[in-house]
Amino acid sequence: MSINVRFAPSPTGYLHIGGARTALFNYLFAKHNKGNFLVRIEDTDKARSTQEAVNAIKQGLDWLGLSPDSEYIFQSDNIEKHKEVVKKLLDSGKAYYCYTTPEELSQMREEAQKQGIQFKYPHIWRDSKETPPKDVKPVVRIKLPKTGETVINDLVQGQVTVANEQLDDFILLRSDGSPTYMLSVVVDDIDMNISHIIRGDDHLNNAFRQYHLFKAIGVDIPKFAHIPLIYGEDGKKLSKRHGALGVEQYQKMGYLADALKNYLCRLGWSHGDNEIFTQQQAIEWFDLKNVGKSPSRMDFKKLENLNASYIKQMDNQELLNIIIPMFGKIDDIAIKRIEKGIDSIKSRATTVNDFTTLCDFYVNRPSFPLSDEKTQKLIKQNSPDILENVANVIKDIDEWSEQNIENTIKLFIEKNNFKFAEVAQPIRATISGTTKSPGIFEIINILGKQETIERLTKLSKNKTDS
RNA sequence: GUCUCCUUCGUCUAGCGGUUAGGACGCCGCCCUUUCACGGCGGAAACAGGGGUUCAAUUCCCCUAGGAGAUGCCA
């Protein structure tokens, strides 16, 4: 039997983090089992579906590297097929027309709520011999067993049983003749030859209904795996406030696709003590058995940590390809500097956005007074003079190297009986404009003699100017 | 309300009858250090509660509490 899974988002918004993880688990499962990962856009609700959302989902999956193994499938393309199935069900007596109106239904629902019982469509038209009212357009309902129980062996949740009394004769076709989600999903899953349905926990209840639809149609029932949802940091349902952002937002915030994937992968799934691993390893290791049953919370701190670690490991050229365009206008000299200094920036950045701020001083000269107060405080009364003297000794370095720069400056400090910090800190402040910089000898070396001298003497010049 | 599911450090989790309950993030301390980081070392921190079953329960069963989802002519 071939393994086929699908990720089935409805295009009513961006691809949020929970959806991304569902897609990821489907993907990993497919690849692990040498099966196919398919994506079906559930756009039967025309009113709420948008093209932008479709694009956002595609781009999101693309960015994450979770592209499907076949073309995207649109549920709305199969509406005729969905209807055909209902016709057959009607013909074989497994479904029936129901003339109860939405108004009547909601009245009954209210009544049930008052009595504290679960509302269930009371089979009015199921076996009715009455002549249907002419002015009511009927819906089509499926006949579900009234007694007994339904058991699903969920690959994540284990054996889940529900009493059939709880199950409703749910609607297959609306009164306007359009198929409902419940119908479309099942027909499409059959059509796509889906072997495993891996989706969010919120669909577990639907699984029982769909189970009977599969049976009524007369096909093998796919395996189900309902993965727990992701909550916000406060344990509440994910909202925009805490992370239910589109994946493109994470991209904008400077997270790496691989880091986000690694993070998502570890949310609700584990492989022993492994925390950081490649996608290839994830594919090798992935097993639904190791998906936990309990919901998990979004933890940005951990994501950040993971992202930082991915940046550290990342290939320099690859990283540059992301960083450089983020500057917009940038000249070759600045690019060269960043290339040279990239390694020590790496250990300081948690996101790629961070990265650009951290190496901004390679691109732009700091302007005085420094915007960062802390850094400005490093510049003392005597700093301009010291810096000018430093500039003077630097000027005489013949062989420009980090080592020679260090030797020269240290000698200068020694000769004048300065404290190291007294000299080093103002240097850092004036040439980098920040307290979060790599070692000063490194950045002086990268900046070059001329540039360093100009930056160092800026202060004393300002002084004489004023 | 009813149904279904869930419950190990603050968070993500390992554990699958006998462990000093392990790891990771975060937090704290120390070391390294010219800043900020990286790194290294160490620390505090958990089996929701109550009953069973068993020689032995974090692990199996039941109850309670708490949380979540579902209960649509939405998906």
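Just so we're on the same page: letters track the sequence lines, and every chain starts at 1.
- Between A:Thr100 and A:Asp201, the residue anchored nearer the 5' end of RNA chain B, judged by the nucleotide with its closest heavy atom, is A:Asp201.
- Relative ring orientation between A:Tyr121 and A:His123 is described as perpendicular, the plane-to-plane angle rising above 60° on a 0-90° scale split at 30° and 60°.
- Residue A:His226 contributes atom NE2, which lies 12 Å from atom P of B:A70 at whole-angstrom precision.
- Base pairing analysis places B:U33 opposite nothing; no Watson-Crick or G-U wobble pair with both distances below 3.5 Å involves it.
- In this structure, A:Asn274 does not reach the B:G23 phosphate: none of its side-chain N or O atoms is under 4.0 Å from OP1 or OP2.
- Atom C1' of B:G17 sits at a distance of 11 Å from the matching atom of B:C55, rounded to the whole Å.
- Taking the side chain of A:Glu275 as heavy atoms from C-beta on, and the options B:U4, B:U2, B:G23, the nearest nucleotide is B:G23.
- Distance check on atom P: B:G49 versus B:U11 gives 15 Å, rounded to whole Å.
- Residue A:Lys120 places its NZ atom among more than 12 non-hydrogen atoms of other residues, nucleotides or ligands, all under 6.0 Å distant.
- Spacing between atom NZ of A:Lys312 and atom C1' of B:A37 amounts to 9 Å, rounded to whole angstrom units.
- The base of B:C38 lies outside donor-acceptor range of the side chain of A:Arg348, with no N or O pair under 3.5 Å.
- Separating the C1' atom of B:U58 from that of B:G72 is a span of 41 Å, rounded to the nearest Å.
- Among B:C3, B:C12, B:U34, the nucleotide with an atom closest to any side-chain atom of A:Leu267 is B:C12.
- Scanning atom types as modelled, one donor and one acceptor separated by under 3.5 angstrom connect the side chain of A:Asp273 and the base of B:G22.
- Nucleotide B:A46 forms no Watson-Crick or G-U wobble pair with any nucleotide shown, as no partner meets the under 3.5 Å limit on both distances.
- Contact annotation for A:Gly268: backbone-only contact, meaning every heavy-atom pair under 4.0 Å involves sugar-phosphate atoms and none involves a base.
- When Watson-Crick and G-U wobble pairs are counted only if both distances are under 3.5 Å, B:A68 pairs with B:U4.
- In this structure, A:Arg428 does not reach the B:U33 phosphate: none of its side-chain N or O atoms is under 4.0 Å from OP1 or OP2.
- B:G15 and B:U59 have their C1' atoms separated by 8 Å, with the value rounded to a whole Å.
- For A:Arg21 and B:U13, the CZ to P distance is 8 Å, given to the nearest whole Å.
- Using cut-offs of 30° and 60° on the angle between ring planes, the pair A:Trp269 and A:His271 is parallel.
- Separating the CD atom of A:Glu149 from the C1' atom of B:C3 is a distance of 14 Å, rounded to the nearest angstrom.
- Proximity of A:Ser270 to the phosphate of B:A14: a side-chain N or O atom is located under 4.0 Å from OP1 or OP2.
- In terms of position on RNA chain B, the residue among A:Ala163 and A:Phe420 whose nearest nucleotide sits closer to the 5' end is A:Ala163.
- Formation of a donor-acceptor pair under 3.5 Å by the A:Asn262 side chain with backbone atoms of A:Glu275 is found in this model.
- Distance check on atom C1': B:A68 versus B:C32 gives 47 Å, rounded to whole Å.
- Across B:A44 and B:C27, the matching C1' atoms stand 9 Å from one another, rounded to whole Å.
- OP1 or OP2 of B:A75 lies within a sub-4.0 Å distance of a side-chain N or O belonging to A:Thr44.
- Although no hydrogens or angles enter the test, the distance criterion places no donor-acceptor pair under 3.5 Å between the side chain of A:Asp191 and the main chain of A:Val187.
- For A:Asn205, whose side chain is taken as the heavy atoms from C-beta onward, the closest listed nucleotide among B:G26, B:C73, B:C3 is B:C3.
- A straight line from NE2 of A:His271 to C1' of B:G15 spans 15 Å, rounded to a whole angstrom.
- The phosphate of B:A75 has neither OP1 nor OP2 within less than 4.0 Å of any side-chain N or O from A:Arg48.
- Nucleotides B:A24 and B:C38 have their P atoms positioned 15 Å apart, rounded to a whole Å.
- Heavy atoms from other residues, nucleotides or ligands lying under 6.0 Å from NZ of A:Lys301 number 12 at most.
- Contact of A:Thr180 with B:C73 (side chain to base): no donor-acceptor pair of N or O atoms is detected under 3.5 Å.
- Across all strands shown, A:Val162 has heavy atoms under 4.0 Å from sugar-phosphate atoms exclusively, and none from any base.
- Nucleic acid contact class of A:Arg297 (heavy atoms, under 4.0 Å, all strands): sugar-phosphate only.
- Across all strands shown, B:U11 forms a Watson-Crick or G-U wobble pair, both distances under 3.5 Å, with B:A24.
- Between A:Tyr250 and A:Phe300, the ring planes are parallel. Angles under 30° get that label, and only those over 60° would be called perpendicular.
- Under the side chain to side chain contact (heavy atoms under 4.5 Å, CB included) test applied with A:Tyr96, the options A:Asp169, A:Leu172, A:Val140, A:Leu89 reduce to a single match, A:Asp169.
- B:C63 and B:U53 have their C1' atoms separated by 15 Å, with the value rounded to a whole Å.
- The distance between atom CZ of A:Phe224 and atom P of B:C5, rounded to the nearest whole Å, is 16 Å.
- OP1 or OP2 of B:C6 has at least one side-chain nitrogen or oxygen of A:Lys293 nearer than 4.0 Å.
- Between A:Ser296 and B:U13, a side-chain N or O to OP1/OP2 separation shorter than 4.0 Å is present.
- Base orientation of B:C28: anti (glycosidic angle beyond 90° from 0).
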